[in-house]
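Structure, as structure tokens:
Worth knowing before you read on, the calculation uses all heavy atoms, side chains too, and leaves out hydrogens, waters and symmetry mates.
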2 protein chains.
Amino acid sequence: MQNLQQHITYFENLIGKENTKADSMHKMAYSYDATREEREPDIVLFPRDESDISAILKYCNDNLIPIVPRGAGSGFTGGSIVASGGVILALEKHMNKILELDSKNLIVRVQPGVINKDLQNFVESKGLFYPPDPASENQSTLGGNVSENAGGMRAAKYGITKDYVMAIRAVLPNGDIIRAGKKTIKDVAGYNVAGILIASEGTLAVISEITLKLLSKPRLAKSAMGIFDTIENAMNAVYKTMASGVTPVAMEFLDNLSIRAVESKFHKGLPTDAGAILITQVDGNLDDEISYQMGVIESKFKENGCIEFRVAKDSKEGEDLWFARKNVSQSISIYGKKKLNEDITVPRAKLPDLLRAIDGVSKKYGFKIPCFGHTGDGNVHTNVMVEDLKDIEKGHEAITEIFKIAVDLEGTLSGEHGIGLAKAPFMNLAFSEAEMNLFRAIKHAFDPNNILNPGKMGL
Amino acid sequence: MQNLQQHITYFENLIGKENTKADSMHKMAYSYDATREEREPDIVLFPRDESDISAILKYCNDNLIPIVPRGAGSGFTGGSIVASGGVILALEKHMNKILELDSKNLIVRVQPGVINKDLQNFVESKGLFYPPDPASENQSTLGGNVSENAGGMRAAKYGITKDYVMAIRAVLPNGDIIRAGKKTIKDVAGYNVAGILIASEGTLAVISEITLKLLSKPRLAKSAMGIFDTIENAMNAVYKTMASGVTPVAMEFLDNLSIRAVESKFHKGLPTDAGAILITQVDGNLDDEISYQMGVIESKFKENGCIEFRVAKDSKEGEDLWFARKNVSQSISIYGKKKLNEDITVPRAKLPDLLRAIDGVSKKYGFKIPCFGHTGDGNVHTNVMVEDLKDIEKGHEAITEIFKIAVDLEGTLSGEHGIGLAKAPFMNLAFSEAEMNLFRAIKHAFDPNNILNPGKMGL
């Protein structure tokens, strides 16, 4: 970066030496995310408030300095690391406060650096409920969740981050502070700017405050596991259950490779011969509601070849049923040194076709491809396991083929992880030149100098 | 319009004489909407398909001809009439087909000219459910519903149009056809273009196809009416019920003036001394679920001064309870020749403050201001009734004051009607210069020549 020392001095005067770091330790600490890609920034800044963000952005805009907002750095696609030098705007240090709980309107107002699980715990202590629960909930921040439109296990019934965002305060690259959305359920005045900031991966504006919708916490919940001899039967059971009029909180799946991986590591008595298991949960305020829902799910599962249906008698047994799902991601490492994991998503009724096609890719390339994930919303975590690192290119070919399959099945490259750096080369599989041009025009409308998280999303 | 005959000839060659109209009858028929404002277009075009729309837009863009997409023309803000000459693109004639019902994925794909109620009836005949039910449901088209983000009675539980839009096909002003969104529940690849097209009032692109999410139709429903001596009690009951953990399908209200208007016209035995009534409905699949929900609502109502709670014994009695709400809009005309109706929305807990402040405006200006509407989501239809047309300017002053009150209570100018021409002068009450500049930049990104519905939304 040109004039580095001059920029550092400016930032030190603006937000203090203690909030302006350019030493090798900080540069390394902020150089990676969950992709394991490492790209060092030149400067790491810790803004104390929205006006710091505004002043920093204005300076970067005037001096054409790339700047990347960052929460916990737990993303899977490189969204919160620099593409090639510049400033990391680290929001987790100072901007991590829950500002207001408005229980009369079931609304909470937070800063972007609040950790997802901290918010969940806080509102649950008041009898309220914030449903989005990405697997990264213990690390990831709400600013990151909004920027990637994070999902989670409960999305099948309760939707994803976008369904809870009521309003956003954000800072534009020129330093202007805007509000988008309202504390009202309905608002049709002006363009839906909050809607386009969600999932924009920090490329349009820096989110400085988020107003989220809450629900009342349902009093009861019950979990169950269905064991299937084939993956095809399990996938049929998923979409037929979801179309039955009962909406489970979660409808998660593990294929045979995933089941065996967890069992080999934890010895929990999982059915290692099963083609697939489905783990599901229902909730509500009445016992009858719970048993009605569980009854419909059981009958849909059994109509579709479920060979055993285990209902948890209490919350302890429920946790046991969920153990496999919660530990599968770390367990599948037994299949290879390098995991190429993607989160393709298809319409639910296409799940049988998708899993069959992935099996074909596995056979063609000779990789094990354990699959698990949020089948209730058609989202499959697909893991191409590369044992020998010299085969990594072939692994990428397999991934490319899987992306093409997902798009052909009217699906998407990413259900919840975003595009970032990692999937940028695949954007042309999913979008036409007209669509990419429109994305670029939108980017230009917000960020004419291309300083905000440049080099991401294939723009 | 310059070169009018040349343009007409071009369009006649493109889509046929039968679909190109510039006679006075057609120009008059397409000159108004529900605002009663009349502005004549120069040409009315009836495109037969998406490629007609593309060719028409490209020609208008090349020749800088203003063009306004239009469904049923039932809007309340002038969104579907020309601001000052140009082309009306009338989508209700040919582009009114339901293209695909995908019951496996609970999805329906429609053209923009399909009437809302026709879709509701069609999917209900298959046991499915499309919840958004604007009061205009018998006339308004789904393209218009998406463009204004229409709400309705059921929004308290089921949300509004945006909550059902999964994907949109649209034509940009340059003729490019884009797809935005997917048939998947989750999709985070690329910017959320569908999200910004919703409620954009036909100013960014012309919607050529919409993919909507459906639900299963709940098997049971029950309605009830609560009678309150004061409006304050009723408003307290609304927000405390909505925060109780039970979410009614609808939570509608009529104030005393509204009750008396319906009673004077229809003689239904309504409680004309009541300060307000609330009409509510719950639904579900189980009898216990219905009685549990109704029990919670009854107790919340009674804790907040409800003097009588009438539960409908059957669907016939339910319809009787809803009669007042469904006929209030036409009934209040007894209070004045001209109705200045707005659809301000506030956070629910601010409803008592809002209604008290509106009462103050009524006393200050000497107008009757009957209020009713969707209190379950904080949306109040506020009607300033002007008896003597020479007082119309004073009426507009009263409306301006009401807008300011709504904005001060963290509310919005419009919950569901949009901005269009009618509310354009008030945009600066709600948005800063930075926010308006961003809206203009977004408009420019989609429509650099400003041909699509120009002169709307205060841009």
Side-chain angles (χ1 to χ4, degrees), chain A residues 103-107 148-149 151 155 160 172 176-179 182-193 195-196 198-200 216 239 243 245 285-286 288-289 292 345-349 377-379 410-416 418-419 427 430-431 434-435 438-439 441-442 444-445 457, chain B residues 103-107 148-149 151 155 160 172 176-179 182-193 195-196 198-200 216 239 243 245 285-286 288-289 292 345-349 377-379 410-416 418-419 427 430-431 434-435 438-439 441-442 444-445 457:
Chain A
S103 52
K104 289 181 176 177
N105 289 304
L106 302 183
I107 285 169
E148 302 291 341
N149 195 9
I160 52 185
L172 298 178
D176 279 352
I177 294 164
I178 58 162
R179 301 154 312 149
K182 290 279 180 200
K183 280 174 76 174
T184 53
I185 307 292
K186 293 175 180 173
D187 175 26
V188 298
Y191 292 129
N192 180 13
V193 170
I196 204 146
I198 298 167
S200 69
S216 288
Y239 85 79
N285 288 312
L286 297 174
D288 282 0
E289 227 178 320
Y292 171 75
T345 303
V346 296
R348 285 185 296 254
D377 43 49
N379 186 191
E410 299 184 81
T412 172
L413 301 180
S414 176
E416 48 188 27
I419 301 299
M427 285 289 274
F431 297 102
E435 289 154 2
L438 180 61
F439 292 160
I442 292 169
H444 190 261
M457 291 174 68
Chain B
S103 52
K104 288 183 176 177
N105 289 302
L106 302 182
I107 285 169
E148 303 290 342
N149 195 8
I160 53 186
L172 298 178
D176 279 352
I177 294 165
I178 59 162
R179 302 153 311 149
K182 290 281 179 198
K183 281 174 78 174
T184 53
I185 307 292
K186 295 175 179 171
D187 175 27
V188 297
Y191 292 130
N192 179 13
V193 170
I196 205 146
I198 297 166
S200 69
S216 287
Y239 86 78
N285 288 313
L286 295 174
D288 281 0
E289 226 179 321
Y292 171 76
T345 303
V346 296
R348 285 185 296 253
D377 44 50
N379 185 191
E410 300 184 80
T412 173
L413 302 179
S414 177
E416 48 189 28
I419 301 300
M427 285 289 274
F431 297 102
E435 288 154 3
L438 180 61
F439 292 160
I442 292 169
H444 189 262
M457 291 176 68

* Let me know if B/N379 has heavy atoms under 4.5 Å from chain A in its side chain, its backbone, both or neither. => side chain
* Please flag which part of B/I160 lies under 4.5 Å from any non-hydrogen atom of chain A: side chain, backbone, both or neither. => side chain
* To do: Locate the shortest heavy-atom distance separating A/S216 from B/G245; write the atom from each residue and the value.
  => OG-CA, 3.1 Å
* Please report the closest heavy-atom contact between B/A155 and A/K186, naming both atoms and the distance. => CB-CE, 3.9 Å
* Contacting moiety of B/K182, where chain A heavy atoms sit under 4.5 Å -> side chain
* Which heavy atom of B/A189 sits nearest a heavy atom of A/L413, and at what distance? -> CB-CB, 4.5 Å
* **Value rounded to 0.5 Å, distance of CG in A/L286 from CG in B/L286** => 8.0 Å
* To do: Against chain A, label B/A430 side chain, backbone, both or neither, depending on which of its atoms sit under 4.5 Å from a heavy atom there.
  => backbone
* Verdict with reasoning, A/I178 to B/F431, per side-chain contact (heavy atoms from CB on, under 4.5 Å) -> CA-CA 9 Å; A/I178 58 162; B/F431 297 102; over 6 Å; no
* Asked: Shortest non-hydrogen contact from A/T184 to B/P347?
  -> CG2-N, 3.5 Å
* Can you measure from CG (A/D187) to OG1 (B/T345) and round to the nearest 0.5 angstrom? => 7.5 Å
* In sequence, state the C-alpha distance, the side-chain angles, and the governing distance for B/K104 and A/R348, and then conclude on side-chain contact (heavy atoms from CB on, under 4.5 Å). => CA-CA 8 Å; B/K104 288 183 176 177; A/R348 285 185 296 254; over 6 Å; no
* **Residue pair B/F439 / A/Y191: nearest heavy atoms and the distance that separates them** => O-CE1, 3.4 Å
* State whether the side chain of A/N192 and the backbone N or O of B/G195 hold a donor-acceptor pair below 3.5 Å, judged by distance alone. => yes
* Give the C-alpha distance, both sets of side-chain angles, the deciding distance and a yes or no for side-chain contact (heavy atoms from CB on, under 4.5 Å) between A/I442 and B/V193. => CA-CA 9 Å; A/I442 292 169; B/V193 170; 3.9 Å; yes
* Report the option among A/M427, A/E148, A/E416 that has the most heavy-atom pairs separated by less than 4.5 Å from atoms of chain B. => A/E416
* By side chain to side chain donor-acceptor pair (under 3.5 Å), which residues pair with A/E410, not counting sequence neighbours? -> A/K350
* Highest number of heavy-atom pairs under 4.5 Å with chain A: which of B/I107, B/I198, B/L106? -> B/L106
* **With B/D176 via side chain to side chain donor-acceptor pair (under 3.5 Å) - residues at least two apart** => B/N174
* Structure fact -> The reported gap from CD in A/E435 to CD1 in B/I177 (rounded to nearest 0.5 angstrom) is 10.5 Å
* Structure fact -> Rounded to the nearest 0.5 angstrom, the CG-CD distance for A/D288 and B/E289 is 9.5 Å
* **Atom group of B/L172 that falls short of 4.5 Å from chain A, counting heavy atoms** => side chain
* Residue pair A/S103 / B/A243: nearest heavy atoms and the distance that separates them -> O-CB, 3.9 Å
